[in-house]
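Here is the structure we will look at.
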Amino acid sequence: MSEPAFFPLPTPLTLDEVAALSGARLARPGAQDALRLTGVGTLADAGPSELAFLDQSRYLATLGTARAGAIITSEKFAGEVPEAIAVLVSPRPASAFVAVTRQLFPQALRPQPVFGHTGIAPGAFIHPTASLEAGVTVDPGAVIGPGAEVGAGSVICANAVVGAGVRIGRDSTIGSGVSLSHALVGNRVIVHAGARIGQDGFGYQPGPGGHLKVPQIGRVVLQDDVEIGAGSTIDRGALRDTVIGEGTKIDNLVQIAHNVVIGRHCIIVSQTGISGSTTLGDFVMLGGQVGVVGHCTIGDGAQIAASSNVKGDVPPGVRWGGSPAKPVREWFREMTTLKKLAESRARSGAATPGEEE
């Protein structure tokens, strides 16, 4: 990996410590006992003091030139690792690798204060009626409005704006340039740089004289352990709250409209747009660039493929894709049929629709 100049050098770990952290088993006890791991890397790039992992057969060829000090892999591939490299065996190599990486680089888990300090930095603007618990860090240029509350251990990064009455729980991080209004934020929430939370939703009543703006008097509720990516926007509700459920992770550049309710532990990938008053159940996954129309429900555990458009309710536990979205098998059959039809017409010399002059 590249030199981790932006993060403090980690405390080296022994193989026994790596095994304990990851739940992996040392495949060759006693070998490489003196090894100390100081970093992580890819299978192709990791050096002699770094840890890598292998969980897919397509990377087996890389083992021939691997220089890693240790590799976490599955029982299936453990015998393929060269003798010079320490082997740790896990049923879930990627998860085990992440556990070790989190220990080595804990500061990479959430945005850090730009000033590298603790407490209130010079140049921060905090209203006299705002309430900050002990251990809050506020960067220069940050603004905390009247009546706002910030819990212990939370970080407000440079030029973030925390609006009047906003409540932020403990050990949360509000990234640089975030605007946060009309919102209740739980514990251990991360909002990355430039996100916009709590602005009014897009609501207008059309009429012969123009479009009458509808007051948006709801809130945004971010429950515990939610993460919001850079540049994403979450509008406050019109008459009910916009809610992001516990443990849900939202990528960069996602738009969530007013009155949307998202369940627990969902994954929403970048450039997705969710229209107003839509409800997502728990553990829903939306691929990149998914569009969801308003006032529909996506059931628990449903998965929607990237670039799909959802125009109605989706049952729980299904995998849908396409535009409009439908069960993936049906979608694949349609794509295969269209491909065969196009190939058949090409062979016959017939023009495809849209090609006629």
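Along the sequence shown, residues carry numbers from 1.
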Taking the side chain as everything from C-beta on, heavy atoms only, tell me whether [X] gets closer than 4.5 Å to [Y].
X	Y	result
Lys340	Thr337	no
Cys266	Phe283	no
Ile190	His192	yes
Asn309	Val290	no
Val221	Gln223	yes
Ile156	Asp139	no
Ile262	Val284	no
Thr38	Pro12	yes

Test log, rule side chain to side chain contact (heavy atoms under 4.5 Å, CB included), inputs Val189 and Asp225
CA-CA 5 Å; Val189 170; Asp225 299 302; over 6 Å; no
Does any donor atom in the side chain of [X] or [Y] lie under 3.5 Å from an acceptor atom in the other side chain?
X	Y	result
Asp235	Gln255	yes
Gln199	His182	no
His258	Gln216	yes
Thr242	Arg236	no
Thr137	Thr118	no
Glu149	Ser131	no

Same apolar cluster (I L V M F W Y, side chains within < 4.5 Å links), [X]/[Y]:
X	Y	result
Val314	Ile268	yes
Phe7	Val40	yes
Leu180	Leu184	no
Val87	Phe77	yes
Val114	Val155	no

[X] side-chain N/O to [Y] backbone N/O, donor-acceptor pair under 3.5 Å:
X	Y	value
Glu133	Gly151	no
Thr248	His265	yes
Asp282	Arg264	yes
Lys213	His211	no
Ser154	Ser172	yes
Asn259	Ala238	yes
Asp55	Pro93	no
Glu17	Thr14	yes
Ser232	Leu253	yes
Ser308	Gly322	yes

Can you list everything that forms a ring-ring contact (aromatic ring centres under 6.0 Å, His included) with Phe332? Sequence neighbours excluded, please.
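Checked Phe332 against ring-ring contact (aromatic ring centres under 6.0 Å, His included); zero matches.
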How close do [X] and [Y] get, heavy atom to heavy atom, and via which atoms?
X	Y	answer
Asp313	Thr297	OD1-N, 2.8 Å
Ala24	Ser90	CB-CB, 4.1 Å
Ala195	Gly229	CB-O, 3.9 Å
Val89	Ala78	CG2-CB, 3.9 Å
Thr129	Gly147	OG1-N, 3.0 Å
Cys296	Val293	SG-O, 3.4 Å

If the plane angle is over 60° it's perpendicular, under 30° parallel, otherwise tilted; pick one for Phe53 and Phe97.
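Because their plane-to-plane angle lies in the 30° to 60° range, the rings of Phe53 and Phe97 count as tilted.
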So does [X] have more than 12 non-hydrogen atoms from other groups sitting under 6.0 Å from [atom1]?
X	atom1	answer
Arg25	CZ	yes
Arg167	CZ	no
Arg196	CZ	yes

Nearest-0.5 Å distance that lies between atom [atom1] in [X] and atom [atom2] in [Y]:
X	Y	atom1	atom2	answer
Ile304	Thr272	CD1	OG1	10.5 Å
Ile85	Arg28	CD1	CZ	8.0 Å
Ile197	Ile244	CD1	CD1	8.0 Å
Leu43	Leu63	CG	CG	5.0 Å
Leu132	Ile120	CG	CD1	5.0 Å
Leu88	Ser74	CG	OG	12.5 Å

Arg188/Asp171 salt bridge by N-O under 4.0 Å criterion:
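Salt bridge between Asp171 and Arg188, a charged N being under 4.0 Å from a carboxylate O: no.
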Do NZ/NE/NH1/NH2 and the carboxylate oxygens of Glu227 and Arg110 come within less than 4.0 Å?
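No, Glu227 and Arg110 are not salt-bridged.
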Take Ile298 and Thr279 through the side chain to side chain contact (heavy atoms under 4.5 Å, CB included) test and state the conclusion after the steps.
CA-CA 6 Å; Ile298 300 178; Thr279 299; over 6 Å; no
Go through Leu26 and Leu15 one step at a time and tell me if the side chain to side chain contact (heavy atoms under 4.5 Å, CB included) criterion holds.
CA-CA 8 Å; Leu26 281 169; Leu15 289 175; 3.9 Å; yes
Could you go through Val161 and Val178, starting from their C-alpha distance and side-chain angles, then the distance that decides it, and tell me whether this counts as side chain to side chain contact (heavy atoms under 4.5 Å, CB included)?
CA-CA 6 Å; Val161 177; Val178 168; over 6 Å; no
Worked check of salt bridge (Lys or Arg N to Asp or Glu O under 4.0 Å) between Glu334 and Lys326:
CA-CA 10 Å; Glu334 288 181 1; Lys326 55 184 70 68; 3.5 Å; yes
